[in-house]
Structure formats: C-alpha cells, structure tokens
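Have a look at this one.
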Amino acid sequence: GSAEKTDSASSSSGDSKTLRIPYLADMSVPDPDVFYDIEGNGVILSQYEGLLKYKAGTLDIEPNLATEYEVSDDGKTYTFTLRDDVTFHSGPKMTCDSVKAAFQRRVDVDQAPAWMLADVKSMTCENATTFVIELKNKVTPFLHYMASSWGPKVVGPEAIETNAGDDFGQTFLETKGDGTGPYKLSSFKRGSAYTLTKNAEYWGTPANFEEVILSITPDMGTQRLKLEKGDLDVILHGFPASELESLPDSVTVEKQDSLLRLILYVNSNKAPFNDPAVRAGLQSTIDTNQLVEQGYSDTAEKSTGIYPPGLLPGEPKLPYTPDPAKAKAAADKAKTKKLTLAYSADESGVQRRVGELLQAQLKTAGYDVTIKEVQLPTVYGWAENLEEAPDLAIMTNTPDGAHPDLWASIMFSSTGGLNFLGAKNEKIDANLGKAISLPPEEADPLYKEIAQEVIDDNKFFLLGDVKNVFVMQDSLTGLSNTPAYPWLVDFAALKRGE
Amino acid sequence: MTGTGPVLDVQDLHVTFASSGGDVHAVRGASLQIAPGEVVGLVGESGSGKSVLGLTALGLLPRKPEPRLEGVVLLDGLDMITATDEDMRARRGTDISAVFQDPMGSLNPSMRIGAQVAEAAGGATDEEVAEMLAATGIPEPEHKARAYPHELSGGLRQRVMIAMALSRHPKLIIADEPTTALDVTVQAKVLDLLAAASRERGVALLLVTHDLGVAARICDRIAVAYAGRIVEEGTAAQLLQQPHHPYTVGLLASRPRLDGSIAGGDLPTLPGRPPDPRLPLAGCAFAPRCPAADAQCAGPLAIHVNGERRNECHHPGVLTRWPEGGPHAGRRDPILLKAPNPVVAPAMVRGVPPEPAVVVRGAVREFERPKPFPFAKRPAPFTAVAGVDLEVPHAGSVAIVGESGSGKSTLLRMIVGLLEPTAGDVTLGPGAPPQMIFQDAGASLTPWMPIGKQIEERLAALDVPSSERGARVAATLEAVGLPAEAQTAVPRALSGGQRQRAAIARAIAVPPALLACDEPVSALDVSLAAQVLNLLCHLRETLDIALLFVTHDLAAARAVADEVVVMQRGEIVERAATEDLFTDPQHPYTRELLAAVPEIHAMAVPA
Amino acid sequence: MSAITRVGGPASRMWRGRPALSPGALKGETVWHALIPVAILSLVILIAPVLAPYGGTDVNPVGALQSPSPDAWFGTDEIGRDVFSRILIGIRTSWFAALGVILLGTIIGGLIGAIAGAFGGKVDMVLMRITDLFLSLPAPVLAIAVIAAMGPSLRNTLIALSIVWWPWYARIVRGEVRALAARPHAEAAQLAGVSRTRLVLKHLLPGAAAPVIVTMSLDVGNLILALAGLSFIGLGAPPPAPELGAMSARGLQYLFGHPWVPIAPAAAVALLALAANLLGDAINRRLDQRTTR
Amino acid sequence: MGALVLRRFGALLAVLFGLACIVFVLQTVIPSDPARAMVGANASQEAVEAKKAELGYDDPLPQQFTQYLQRLAQGDLQSSLRTRNEVTADLREFAPATFELAFSAFVLAVAMGLGLGLLLAGGGRAGRIIRIFLIGGASVPAFLTGLLLILVFYSWLGILPASGRVGDNFIVPDGPTNLLVVDSIIGGTPDLTLDALKHLILPALTLALLPALAIARTLSTSLTQVEREDYVRTARSKGLTERTVLLKHALRNASGPALTMSGLQVGLMLGGVVVVERIFAWPGIGLYIDQSIAYSDFPAITGATLLLGTAYVLVNFFVDLTQAWADPRIRTV
Ligand SMILES: Nc1ncnc2c1ncn2[C@@H]1O[C@H](COP(=O)(O)OP(=O)(O)OP(=O)(O)O)[C@@H](O)[C@H]1O
Ligand SMILES: Nc1ncnc2c1ncn2[C@@H]1O[C@H](COP(=O)(O)OP(=O)(O)OP(=O)(O)O)[C@@H](O)[C@H]1O
Ligand SMILES: [Mg+2]
Ligand SMILES: [Mg+2]
C-alpha cells in the first residue's frame, strides 16, 4: 500500500497547491481567545475573522465580517451589521447569535486577550445580522480592538457548543478549529507541522493555495537551505539581515512596514537611573543610527517619535543626538557605573546584537555593562522586585492595534502590561485616563503631551521601527500584509506565478 | 619428514626485542632437541629466556616490540622462524600445544569450559568433551563442562588447560610453569598428570620451570638455561647427580631441601644477578657469579658434548659443591640497628625469661557472606580461622604451612592487627609493634615513594628523632644488602629480590618483636628465595626478632623454623618441633603434604 | 569468588624489561610530542591579550562582517569585532572555563572519592550512593535543567557543569583509592605506624593521580563542546564574552553568508580539544604501557 | 542472574527517587515565577497569588515535596506554561520521535563504534591516523556537524531530506506505536518506511558521531588490553584463526568497558537531542525542551528532564544486565 496522499502532485516542491512556511517555534495554542503571541498569528488569522480588519498595506480599518458599523453619539453603543453569507468551517451559517456567543466566549475564557472586552456592558442581537455592543464607558479605540490581530474573533459552534466541555471548548481548540476564514485547520501536530486546508465555501475571495503547511523548523540555517532548495516558500521572520545579500536569485526579499518597535527600557527605580540627570545623559550616549544600521542593516529605521509611525501625525520628534562629552558628564554623576543590560531572546539574535552595540556605546561613556539574555516569563517577574531587575532592557514590542492609546497605555502607563521596569509617571497616567474617552481631535494633543513627557522623563528610549522582512521564492506573487499584523502575510492572497 | 627426527629441533636460536632502552637479547644462541615422546625440563632463573624459547616454538612471540629471530626452530620439520603465519597457525593445536602458568588468566573468562575444550579440539561433541575432561581427572565432567573458569579451582582449571592441550593429540606440549601458581599438593597431582598423559600418549613435553625439583620429578632430560643459552643438558639423573656446570651446581645448592636446615648456617645462594639482557656477552655469561671462574672464562665459549650430555663450561665439573657463605658474610653485625631504642626497646631484665613475642588464644575469624539477593536472609558467615591457639616465643621462629585457603594469612593478619579477631585474644609481647612481610614485595611498597622515605616513615612513627633517621635508613639498607642508591629509588626501579629486601628493611628499621612473613619468597625464583631466607634468619639472630613464617613450601619451613604448625580448614591440625614434624608426621594431612613436595630423591648430596 | 588465585610466579612478571633505577612517570616520546601543542597553546593563552590585535569586545575599524583579510585575519563578526582577536581571547576563556569545571570537579570529586575510598564502610556507602545517583542521571540533560533553573550566565553554566561533572572524578578516585587500599602497601604503611591522614594523602591519593589526569585531559574537549552546545540552545556564556562555543553557536546564522564567523571558533574548539585529547591519549597510552608491561 | 536483576532493580528505584528529589530541588530554586508566567503579563498581583495558592507554591516545603511525589506517582507533571497542556500529555506526544531518533542513533553509534574500534585496535600507521582523525572529529560541535551534513547531503547531493520526520506528502499513521518506521512497516507502506528512514539518517548520524567515537576509543583501548591477556594467547595456541581469536575471544571480553561507555553515551545523546532536534526540526523531546527554555516553561523542562533521566536510568539498567551476560564473573559477585 501507499501512505502517500492521493494527490501525488503535491509532493513536488514549488507547485501551486501547497504553500510551505516555516515557524521557528511552536505557537502557543490555536485558540483566538487564548493566543496572545506573534508566532502563530497566521494560523489564527487565516482561520478566524473579526468584525473588522486593517486594510492591506495601511492602518485603516475596513469591514470584515461586519459590513458596516455605527457608533452612538455618546460613543458607548456600537452597532455592527453582519454579513449574511458566511458559514463556519463546520457547516452552519454564521448568525448574530454565533457572533455574540463567540464574544461571550472571550469574556468567559478570560485569558490575556479578554481585556479588549472588559468594558462591555451588554451584547445584544437585534436580528440575525445586527449585533449591538454597549460599553460601560467610552472607549475611543474600541474599533481598533475589533480589527486587532488579537481582537475578538468569531469562533464557530464546534468549540462553543459541540465540544464546549466545561472549559468553553479550550481543550477542543488546542488542536482543532472552527472559524469562518479562507483556511481551516486540518491538522495540528505540535512540534512538527500545522496544516491549513482551503475553505472552499469561503464568502470572500477564495484562497489560491489548496493547502498551507506551517512546519516547525527551529534553526534558521535549516530554513534557509530548504528555502534555497525550493522546499519552503516564505520565511516570515527571523532571517538575519546581514545574510540577505548572500541569498540566490531565486529568492526575493520583501521589506514591509510594521508597528514593531525596538525599545530600551530604563529602570528608574534604583541607582544610577533613579537620578533624572543621569537618565537624561542617555540621550547623548545612545547612537541610534549605529544601533539600527548595524543591528538591522536596512531592515529597520531609526525611530523618530514615541508612537509607531503613522499613529499620531505631528508628534514631537525624538531629540537623541550622540554627544560624548555630555554623555560622559552625565555618567560621571552616576552613583554606580556597573550596569546590567537585559535583552529578550530572539531567534535572529538581533536584540543581542543591539545589546552588544549598546554595551560598547555605554562603555565609552564610562559604564561597565553586563549583558544577559532573558526569557519572557522572567521579564514579567521584574515588576515584582524592581531592585533586582536590570538597569536597562532591550525589547521589541508592537501595539495591539493602530491607535495611540493601544501603544501608550500598554507601554507607558504605570500599570501597562509592557511597562516591565515599572516606570511611573502620574502625568502620563492622568492623560491616558482622560484621552481614552475623548474624540480624536481632543485626545491627540494629550497623546502628544504624553509623548513629550516620555521623552523628557527618559525612562523609555524608542530606538527603531522594525520592518517585516519576508524572504520568499520569487515565483510567489500576491504579497499582501498590513503593518498592524506583524510577521504575517495574507496566505489566501499569495499565489504562484503571474 | 616426520617420525624419526626430533619433534622440536632448536639450533642456535637468537631472539632479540627492540626496546626503547636498547635491544633486549632474550635468547642468545640456544640449541635444544626434543625427541618424540620425550619429557624435557627447561630450568633456569627468571629472565633466562625459557618462556621466549617456548613461545618461539609455538610461533606466538608478542608482535610488539617486534622480535628479531635468527637460527632454526624446526617443529616436526617446519621452520617456525621462516614459516608463514598461516602455516604456524595450522600447526598449533595439531602438532604443538601449550599449557601456561596462570590457569585463571589462560582460560577465557566468559566462555564455558566445555566450549573452550571443544574449540581446542577443533570441534567436538559434548560426550567427547566430557571424555577429554574426565581423562584429566576432572570429576563430574558433564557438569563441569558447563561451568565458567572462575567457578573452578586452580587445579581443575589447569587440568582443563591440559585437556585442551591434549585434545588434538599433538606431538609436543609446551608447559610453561604449569604448576607455579598452584598449591603444593595440587601441584604434585598436576605434574603427575602431565607426565602420565604425555607418556601414555607418546606426546613430547617441554616443561619450563625455575624449580629443579619440579623438573626432577617427571623429566627424562633436563636443560639448564642461563642468559639466553642452554648451558647444560643431560638426563635428569646425570644432571642432578653430577652437574658439570657451576650454574647447575648453584641452582641445586640454593634449593632449600626437606632434609636441610639453616639453623645457624646459610642456605647456599647464588650471589649476584643474571647479566643484563641488553648488554653483549663475551665468553661465559656466568663467569661474573662463578666461584671457579678464571681468565679463561672470558674467552670464546667452550662447548662440550658427550653423548646425552652437553655443557658450556670452560672447566666442566670444576665445582661439585657450592662454597659456604652467602652474600652477607661481611654484614653480620648491624650494630646500629641493635642500639637500644629508649622508646621501643623491650625492658629486658637479665635472668628473667623473656615474654613470648605473641600468644594467640582461641582466635576465630569469620567473614560475612553476601546475600544472594537483596531481601534474602544473610547466610551464615564463613569461618576462615576456627579457634587457633599459638605461641611464638621471644626470638623464636614458627612456620605455618597448609593448603591454600586454610586461613594462614588470615591468622597472620589478626596477629599483626590488620584484622580484628571475631573471637579470642591476641596478646603481643613487649617491644616495637609487629611488622609484616608480604608475598608480593612489589605490591607491599608504595609505588611512587622512594624507598628511603618509606623507611623513614616508620622511624618517624616510632618517634626516632629526625636527626638520626638518615643514618639509620642508610644502616638499615646496608643491613639488608641494598646499595645506598636504593634510598632514592622508587620500588619499580628495583628487582624483585631487591624489593623484598627493601620491604624487610622497612620492617626492621626499628626491630619489631615479631616479624610476620606471609610467603615472603614464593614470588622469587630459587636463588633469590634462598638469599631472602638467609637474610631473614640472620636478622632474627642478630636482632632478636621472632619470626612467624607462612609458607606452602615445606622445605623453606624446615630451613627457617624451630617449630612448624600445620593448618587445614582454619584449624591447626598438627604442631611440632621442626625435626619431629619432618621425621615423624602425625596427621594424615601432614603426611600428604610431605609426600607432595617435589624432592630430588635420586640425588646424592654433593659432598 | 571462590578460590583465591595466587599472584605468584616468578617475580619477573612484574619487573621484566624495566631498567634498574630508571626515572619515573611521564617519560617517553609520545608524551613529549603531545606536550608540544599543549605548550604552544598555553603560551598563546598566556600572551593572548598581547597577540590579539584588538580586544575581545573591541571593534575592528574595517567594519562588520568583513571577510578575512590582512587587516582582519579571520574576518569580523556581525558587529565588527575582530574574529581573530576574539578567538585568541576565546581560547583563553574556554580553556579556563573548561579547566575551572574540571578542577572543581576534580577537587569535589577527589575529596568525596578520597573520603569514601579511605573510610570505606558506611561513609563509602552513603557517598557512593550519592555519586551513583548523579552518575546515573544524564549529565547534559541535568545541566540543562540546572541552568534553566538558575538562569543562563557563564558562572551558572560552570556551576551546573561542575555539579554534573564531579561524580566521574569521585568514582575514579574512589575506585583507585579502594583498589590501592586493598593493596598490601597500604597495610604495610599502616603497620609501619603511618597516620590515617598521611596514609590517604601519601600512600593512596597519588595513585589516583594518573587516571585522573588522563580523564581530565580527555575532558577538556568534552567540556568545550558541552559549553558550545549549551550556548547553542541559549544557555551558555552571555554575550559579549568571547567564549568559543558561544561564538560558534551564535555565529551559526552567518554560516552561509559569512562562514568565518561560526567556523573559525569551531575550528578553534577542535584545535583545543585536539591538543588536550592528544595529550590525554598520550598520557593514557603511556600509563597503560607502564602498568601492563 | 535473577538475584542480580533484583538487586539492580532496587538500585534503579533508588536512582529514580533521587532524580525526583533533584528535580524538586530545581523546581524550588527557579527564579522566574511559574504562577506569574501562567496567568500572563497583564494579570493582577491578586491573580498571581491565587494561582500560587492553587499550585501549592505557598505551602511549606516538606508539604510541597510530598504533594509533588504524590502527583508524580499519579503521572501528573503539571501543565506546560507554553502549550497549556498537561506536560505528561505533551511528553507522550513528543517522546516517540525522540525514542526513534535516539534508538537509531544508539544502534548507529554502537555499530560505528564497533567498526572503528576494531580498526583502531588493529594499530599501525593506519590506526594512528584514524586515531588523530577521530580525536579531531570528536571536537566539532554537533550543531555545526548537523548543518554541514544538511549542506552536503541535502543541498549539494540532494539525496536526503533536511528536516522533519517525514515528507509532507505522506499521511502519517496514528499509531499504534507512533514510531514512524515501525508503524509504517505494520501498516504495510514501504514507501513511507523508506521516507521515514531517509529522514532519520542525518539526525541519527549527527547524534551518533560523538558517542561512536567515544565507544570506538574505549573499545580499542580495552581490546589492546585484552590482546595481552593470557587467554588470547591460549586461543592462539589452539591454532584458531586471528579472526576467531578476535571475534570469539577478545571482543566479548573487551566489550565490558565499551558497553559501559555505550550506556554512558546515551546520557550524552539525550543531552544532544536538544541540539540535534533543533537543527533537524525533529519533533521530539529535545525540541520540546528547546522551545520550553525559550519560554522559561519550567514544568515542561523538569518534566522532560524526569522523562529523559528515567529513560537513561532504564537504558543503563539494561546495559548493566547485558554486561553481566557478557561477563559471567559479574553475575555471581
Ligand atoms: N615482549 C618482550 N619485550 C621485551 N623484552 C622481553 C619480552 N619478552 C621477554 N623479554 C625479555 O627477554 C628475557 C627472557 O624472558 P623470558 O620470559 O623468556 O624469561 P623466563 O626465563 O621465562 O623467565 P621467568 O622465569 O621469569 O618466566 C627477559 O630479559 C625479558 O625481559
Ligand atoms: N576479606 C575476606 N573476606 C571474605 N573471605 C575471606 C577474606 N579473606 C580471606 N577470606 C577467606 O578465608 C579463607 C582463608 O583465607 P586465607 O587467605 O587466610 O588463606 P591462606 O591459608 O592464606 O591461603 P593461601 O595459601 O591461598 O594464601 C579463604 O577461603 C578466603 O576465601
Ligand atoms: Mg617465563
Ligand atoms: Mg595466604
């Protein structure tokens, strides 16, 4: 007998039926109400859809499962008009009730991404296609939540009803799926590969590839060799920038904007950086140009503002200019010159590289810097003991969506989830609290104030705007992505040839 | 080619090993013939090239370092020097086979006995194997065929070796020290078996040994090897009764005999050592040690052949008796050692009979046996010494003899305090604590520590002031006949005999009241053994040390002891003054022991 | 074991072929030959800072990821550091790291082994059961778990490796000491009135030196490789420490475009291990000859 | 022999208990807080405390230890922070691949070790050259070896696949053993068997290389020693061919140290799988550990450590018994 799949044509590489993409590591779980990472967003976003989404190549919101939306004058009630031609992978038609159930699931599961619905007061279905959400208070960026990569997704009845069990279908969704997207999850083998199969009943433009195989290939060298040989189609991230040049002609490199940002955190809770003057000295110590150029070649640009590019036009410019004399003068005031610099581990080693460069820069100012690599859970623990936490930390973060609040409140507010080194600034907190419920024209000045405050406070240094770098077979066309969805191309839009 | 000629014809064989310290001339022109069915003994001191000769005949010389061979070694017509490996291999087993010294090491430990015998026979059924085993006197042969070597006693193992050697009816068996590792009683049986087997089947036998007594027991003819040559050869009777070569005379003389004692006198010894195998030889190799040597001896070799007899002495027959007096003649009085030591000297009061060196009362020693499996009941302990009473008088000399495993060593170790008795008492007399001399002198010295340091340690332990130690070490070394350089030498750099002297030196650096010796000479060849025995006796006399002497060599016991104790299975079965024991043994076991001693009966004591 | 076989026979078995009063231990061509590379290496290690044209973390002005040239013998790495200089200093780091672990292992293991071997009985039982426990666990896996628990840093890595490394030495030392303690020379020394400490220190422990040295020399290569493997999975020496394993592991991503970055340090590892192994091998064979001839 | 098995089995249990203790100690010293990691970045301090209480991390240590042992006895290794599955379930999923890989590597290592060892023991100039080559070979880090092998056999020669357990054009059977080679043979799908074997070769070779060299070296040393034994001379004196002498007499008796070494090398292999599985994207425990490290997923790391440790202990248990079989002297001691 033969164990080969009936369609033996799919075996040869470079065919038009199968798209092969490597992942450097396993994703956490393909459950949209639990998943809050980057690696794996392709599995989520090609299976599940939210009510809205970001338009390809822009930061603009466009309809998705909802064709229209309406916001009440008090900004508390959102009315979505749903598509009526959508069916779930498991067969049934999507109705307003399914959407409500899916949103309710996110609240019930209550994992990390549940916060986006934390302010929801009620959800009602006026009819099969009219979904109304009432908020407790005004949340201006709420529409961005709906479009976010991690925003609420419409999960089908397989998880919510048939296999709900006593954990809202979480067990079921660890390896299976039921969504509305162009692909359905046909196999999920942890450690080996995830297979997405084309959803023939898709309401929108059908996918070009019959099948997408996401194989776990943890070593970049192996990924590269397979790509060169035609056994992989697109490397979504982690390819070392310096090696791009050495790729053969059969491979193209696409560099696209993203909201990913390289950040230096400063621990202002202990010496030496509890002294504002010493912190300020970092402005003239850090040579962002060098960091970005050498760390990223041309796969990142030097940051010019506190917010990701495009989120807040007209925000204050970053004033960092290297000045050895000033740097030294400030460092001389430091209580201690022994610093620890942590960076979070990443596959391509780019943060390490930046860390090492920064180490050298700090050294010229007179600091003695020890570098260490840390894993994310360790990073989460810093807030609990800031005295023990490192003096400086390098991290690459992305906002959940393309709205200033989604960046500022998670990064700079005292309680922000990404404010790992416990930076506190009452002014920022107050402004954020106010801005969230104000219309853009009133909120934007506040966001700019916040930006100025961040700049003056010197607890965060925005170093670089990192690009998505897609390394792919040049036979592939139809590349489509959006800055708000990091490391992701639209699988359904890709095709071979033409 | 076969039939009438000798099975083995060695002519002017030279074997040289290339080694880093220079070429080692292991054999330097040896010639030897063995007729079919003949039993020939090859005797000589250690290093005289006996084994190398045997291995050459087998075609089994080690490949590294590569040996250079010259001469002719015809094995039933095939020259083993020029033959191809394959030809030699084809002869082994069928034409020539071997029995080696160490029966444990010579059998494959991970293969059943039967399989090894079958293999030697070139394939054999179980019945045939059992027959072969039975023929060598192995009881329950079917059962034993399924045993592994370690499950058999030494004697049985050697019988297995013999069964293997005989299995394909070879024309010649080379037996290299086949019994050295065995108990006296077993030794005799194995020897007799070898001789009987070879006579019955008409197999020629080359018996390599360093003990003339062993050769005398079974051999038709004896060849004496010295420095890589056969210096004398003849029928056993001729050679033993009328040795022509002084070396043979010396060998014969230095054998402690059952009928002799050295109380007062010395065992005759061969002074000196064989020549360095790396140096070229001019003339007679024995000349430097020969009491009868003269200028002529340095001249070209003189080879005398007379019928069966052959010798290479320039003055054959010049020596009929080895002159009296050993190497210690000038060193009888180690004054310094006798000097009273305030700390340790026994408080001797003139007139009062001195206390015995040790009194043992009802000594019992048991050893726990391991549990067969984890939660099993522990089996009853094994009793190695089962209630022994023993007394060694002040400056007396007691020998303990007995079969292997009878508890001799255990008793000794209890006496010196290395083992706690399970029951009974050991009461030591006054004086410095007892010391012990071990069988393997090499192993009883710390390998990396210079001899001088090791002696000093003992002095330090007895609070001899450090200013005196140097002189004392030197004096002690002199007293045991070691050169002063030995002080800085590590044991490895000394010869076997020298090492045993060094061990003795440490023991007597401060004379103990009791010196326990556990087979102190069984690892040495005859002439060295005699030297060491002499040394012990002298020390006993001059230093008032009591000797407690374990041996399985009755002749040695007779030579040194006033009193002999016979042990069997942990008990003393007989105890008597030396003369009485040898002339009038009471216990059957003692008689058996005496009968087993390889004695040169036919030999008239050279007068 | 039933019958006791006599070790007897002519003494020649034990001393044949040895020249009288010859000098001692590590004599012989093989060892000297093998010592040469190690000697050169030691010299390099000693004067590495002088030899290296740049510091271990300094940037070579030719720029980042430059191929080997007269200005940068082994090229430069991703942030422009001179690979040749880093390797020179890395050899030093790796060598010291390996030696550190080995020495620590030898000291801890030697101590435990010596105590167990010398005391015997209950002490021996308890200590050896603990040693056995560690020995019966897969050292690399354990090291990974330990480092993962303590957080990666060169110090922690070395601690973790030492934790899994010592039992070997305890085993070897204990085995040798036990074997030596059963030899008559230990009893003879005891009868000569030597104190217990002296007995262990002077009469037993030196005997364990030879096998320990051999194991140590063979371990240098193993350890550097272990360090490299740990670095590869992110548990090694943190940057920018020029540790060879870490350099090679972190440089692996440049294998295709700028192969000198990972290959040069790997070759240095091989060289280092080769030198150490050659020496170990030579000592091993030499000692082997001494004990069996 | 029965008694020996029993005794070794007792030791085995003791070692496993010790392993459990060590893992527990490791768990209690981890700096990063598993409760924190489990509830995620945005969670409140109260949520963390609640999780801690739920996991029993604020109980006194002895109590934690007994609870830990109880859980262990029930096969409960807690949940992975990363996959959110029971670690036991995860391990069950990943173990077969590692078993398949490690087993193949072990067989390969022993085979290569045997061959090379015999070659080496032959001595002479060739032996010396092989020796140097081996020592050099033993000094290349596995990750480099792995990538270079892929470069040669996959990129240049194109005869072997680069990564994974099986080509993605195959349907992977669901058991019964989850060992692909075995399952495909049971299922009667020879082309899958072939494909699985092809995927196995490079990772197994990478993993086997260092152990093979170590085994070879040990074997050749003990062979040279055994060569000097009297019974080898006896065997020759029987007129046996060199081949018989070597294979029937020398090899078996020399196998003891090599066997021990093989057993010990399994430890190295189990450590090596972390590196090798990453290079070859082999979906086994090593990959699981590698990913868990990047996530500080301590329950997963300790769980995997326990599993690998147990496997290692078991392997050595069998090696011990094999050794007793090879050397009858050991059986009675
Ligand atoms: N393989 C070898 N390499 C170097 N020298 C050797 C070798 N075998 C033997 N010799 C030397 O050859 C000489 C004769 O050795 P041989 O073993 O024949 O003596 P022997 O008479 O059998 O002594 P013993 O009574 O001790 O067995 C000795 O000096 C010995 O050191
Ligand atoms: N440490 C020990 N543990 C267990 N059994 C022992 C121990 N020492 C000796 N025995 C046993 O005690 C018995 C007597 O041993 P011992 O060494 O005293 O005999 P021996 O008369 O000296 O024999 P040999 O002539 O062979 O030296 C032997 O059966 C031996 O196996
Ligand atoms: Mg001999
Ligand atoms: Mg004894």
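Since the structure is predicted, the reported quantities are computational estimates derived from the model, not experimental observations. Just so we're on the same page: letters track the sequence lines, and every chain starts at 1.
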Inset, instruction - Determine whether more than 12 heavy atoms belonging to other residues, nucleotides or ligands lie under 6.0 Å from atom NZ of A:Lys302. - result: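 Yes.
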Legend entry - Residue part contacting chain C, namely of A:Leu244, when any heavy atom lies under 4.5 Å: neither
Legend entry - Residue A:Lys189 excluded, over 12 heavy atoms near NZ under 6.0 Å: no
Inset, instruction - Measure the CG-CZ distance between A:Leu247 and C:Phe256 for me, rounded to the nearest 0.5 Å. - result: 10.5 Å
Go through chain A and chain C and list any donor-acceptor pairs closer than 3.5 Å, backbone and side chains both.
unit_1   : atom_1 : unit_2   : atom_2 : d
A:Glu243 : OE1    : C:Gly257 : N      : 2.7
A:Glu243 : OE2    : C:His258 : ND1    : 2.3
A:Ser348 : O      : C:Gln253 : NE2    : 2.9
A:Arg352 : NH1    : C:Glu78  : OE2    : 3.0
A:Arg353 : NH1    : C:Tyr254 : OH     : 2.6
A:Glu356 : OE1    : C:Arg81  : NH1    : 2.3
A:Glu356 : OE1    : C:Arg81  : NH2    : 2.7

